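Structure record follows, encoded as structure tokens.
Every chain is numbered from 1 and lettered A, B, ... according to where its sequence line falls, protein lines coming before strand lines. Only a predicted model underlies this, so the values are computations on that prediction, with no experimental measurement involved.
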Protein chains: 2
Amino acid sequence: MPRLDESLLTHLPPFSRLEKRQIRRILDQASSRRYDAGVAIFQEGHPAERFFMLLDGYVRVVRITATGEQVTALHIPPGQLIGIARAIGRDTYPATAMTASESLALSWPMHLWDNFVAEYDGFATESYKTLGQRLGEVQNKIVEMATQQVEQRVANALLRLVNQTGRKVENGIEIDFPITRQDLSELTATTLHTVSRLLSGWEKQGLVESRRKRIVVRDPHALVVLSQK
Amino acid sequence: MPRLDESLLTHLPPFSRLEKRQIRRILDQASSRRYDAGVAIFQEGHPAERFFMLLDGYVRVVRITATGEQVTALHIPPGQLIGIARAIGRDTYPATAMTASESLALSWPMHLWDNFVAEYDGFATESYKTLGQRLGEVQNKIVEMATQQVEQRVANALLRLVNQTGRKVENGIEIDFPITRQDLSELTATTLHTVSRLLSGWEKQGLVESRRKRIVVRDPHALVVLSQK
DNA sequence: CGCCAACTTGAGTGCCGTCAAAGTTTGTGG
DNA sequence: CCACAAACTTTGACGGCACTCAAGTTGGCG
């Protein structure tokens, strides 16, 4: 295994208050692994043996119903910890983590969690902040689903993706990982058909441009207006 | 202020590992207060000055949209901490806590939070477990809203309330705090009209009985069946 | 006894899901 | 390099669930 560079972690919140020496030690205990798009990093209900730091790529936190439908609860950008069951006193993962794009993650055996919390200043605090943010996001999602129409939810989801993961391109801002109509529908609790119709409509009005698995937002402001009506 | 009895806290998870002497000290720092039904214990966005232990009554965790609609994200039973913004590194409350019934809560100034975490064994762990449970519940709710019809959601909500707060009565199990059609509709993201129609229907079939603000479930099993179809 | 909140019920309608079919892009193996 | 399959996308037709609007009833409280 190639020796990992310290700069990978120095700027990430859970580790940002640590000294080089400490980060070195943390890296030496880590495994690094690449994941293809669309695979599970860990699965709901399985014993929580490791926790992860997503270095590159995007991950969907997914729950699967009895009838096999998938519901996406969260999208996680690079630089966050995932699979931190231990932080909330669980010994199995509470949800499945699927890669949305090709991804790279470090991981550590779960028994190191307590060490990290005890030895590294700020590690626990920052982890719990992340947890709090996620709780907030999930609550927002409930509010959205309870009060908004499908059109507004899809507009919001697009805006959120653009903000989190947008990359400037010629005609606007592109979501920088492959995303299908199906993915968007799971994110917004609707069907791929409805998403397709909406995107077609918006494309005709010049708000977005899309090809297979790629979406470019040309007029974010118009989407904001849509999302609030 | 009357001296509070130690037995109030001894059996509650965040404090259950502590000695009598420690609990005494914690109680001496607490304020105790009664709340009428339907009032806010604290409000979203306000500075998080105190954290609370709900001793009696029920609390709805509510978010209010720009247009004034209320959405209930969680129901909290007695024996849980609320308003623990500090635990997730926030200094304002992330949601509003409304009493669903007359309630009783202890509270402490937020600056004691760090003391509690540092000095009392198990306090932090148990608090984070609670947090994790809430994250799980909220995610369940998203899945429910994404995949189930209104009828099933209402049936589920009723079952959950009965499990959390049910009290045996002559003809079945009664939800032991006043709850309106409106409350149920905010809990399940529908309208009071639809809830009213559903309850009327179920009443005709003998599944439930209801008068103003009171609901008795006569046949929980039938509701389970409904909720899963 | 009057008022108000809570609840009920009916009628109409529109959003969006389901069903169905066809078109387009990408990748793969011969 | 072409054929073909698989994955993704589009579009139309139809219908039902649940929302809105509207009117009225019930029950509790001062």
Verify whether one side chain among A/Thr180 and A/Gln182 offers a donor that lies under 3.5 Å from an acceptor in the other.
no

Can A/Glu137 and A/Gln133 be counted as having a side-chain donor-acceptor contact under 3.5 angstrom?
no

Each nucleotide of nucleotides 25-30 of chain D classed B (base within 4.0 Å of a protein heavy atom), S (only sugar-phosphate) or -, in 5' to 3' order, makes --BS--

Scoring nucleotides 10-16 of chain D by protein non-hydrogen atoms under 4.0 Å (B base, S sugar-phosphate only, - none) yields BBBB---

Name all residues meeting the side chain to side chain donor-acceptor pair (under 3.5 Å) criterion together with B/Gln80; count only those two or more places apart in sequence or in a different chain, and write none if there are none.
B/Arg134

If the condition is side chain to side chain donor-acceptor pair (under 3.5 Å), which residues does A/Glu151 pass it with, not counting sequence neighbours?
none

What is the bend of the helix from C/dC1-D/dG30 to C/dG30-D/dC1 when you compare the axis at one end with the axis at the other, using five pairs each and rounding to 10°?
40°

Which residues satisfy the ring-ring contact (aromatic ring centres under 6.0 Å, His included) test with A/Phe51, sequence neighbours excluded?
A/Trp108, A/Trp113, A/Phe116

Hey, can you tell me if A/Tyr128 and B/Tyr128 have their rings parallel, tilted or perpendicular (30° and 60° cut-offs)?
parallel

Positional range of nucleotides in DNA chain C within the contact set of chain B, heavy-atom, under 4.0 Å
C/dA5 to C/dA11

Listed by chain and number, what are the side-chain contact (heavy atoms from CB on, under 4.5 Å) partners of [X], not counting sequence neighbours?
X        : answer
B/Pro109 : B/Arg50, B/His111, B/Leu112
A/Pro78  : A/Tyr58
B/Pro47  : B/Glu49

Thinking salt bridges, do B/Asp183 and B/Arg60 make one under a 4.0 Å N-O criterion?
yes

Residues 153-162 of chain A, side-chain donor-acceptor partners within the protein, below 3.5 Å, at least two apart:
{"from": "A/Arg153", "atom 1": "NE", "to": "A/Thr188", "atom 2": "O", "distance (Å)": "3.0"}
{"from": "A/Arg153", "atom 1": "NH1", "to": "A/Gln148", "atom 2": "O", "distance (Å)": "3.1"}
{"from": "A/Arg153", "atom 1": "NH2", "to": "A/Thr188", "atom 2": "O", "distance (Å)": "3.1"}
{"from": "A/Arg153", "atom 1": "NH2", "to": "A/Ala189", "atom 2": "O", "distance (Å)": "3.2"}
{"from": "A/Asn156", "atom 1": "ND2", "to": "A/Gln148", "atom 2": "OE1", "distance (Å)": "3.0"}
{"from": "A/Asn156", "atom 1": "ND2", "to": "A/Gln152", "atom 2": "O", "distance (Å)": "3.4"}
{"from": "A/Arg160", "atom 1": "NH2", "to": "A/Glu144", "atom 2": "OE1", "distance (Å)": "3.2"}
{"from": "A/Arg160", "atom 1": "NH2", "to": "A/Glu144", "atom 2": "OE2", "distance (Å)": "2.5"}

A/Gln182 CD to D/dA6 C1': how many Å, rounded?
15 Å

Could you tell me the separation between the CZ atom of B/Arg153 and the C1' atom of D/dC17, rounded to a whole number of Å?
11 Å

Given that A/Arg211 and B/Gln149 both sit by DNA chain D, which one's nearest nucleotide is further toward the 5' end?
A/Arg211

May I ask you to test the A/Thr65-A/Arg63 pair for a side-chain heavy-atom distance under 4.5 Å?
no

Which pairs of donor and acceptor atoms, one on a side chain in residues 219-228 of chain B, lie under 3.5 Å apart (sequence neighbours left out)?
{"from": "B/Asp219", "atom 1": "OD1", "to": "B/His221", "atom 2": "N", "distance (Å)": "3.4"}
{"from": "B/Asp219", "atom 1": "OD1", "to": "B/Ala222", "atom 2": "N", "distance (Å)": "3.1"}
{"from": "B/Ser227", "atom 1": "OG", "to": "B/Val224", "atom 2": "O", "distance (Å)": "2.8"}

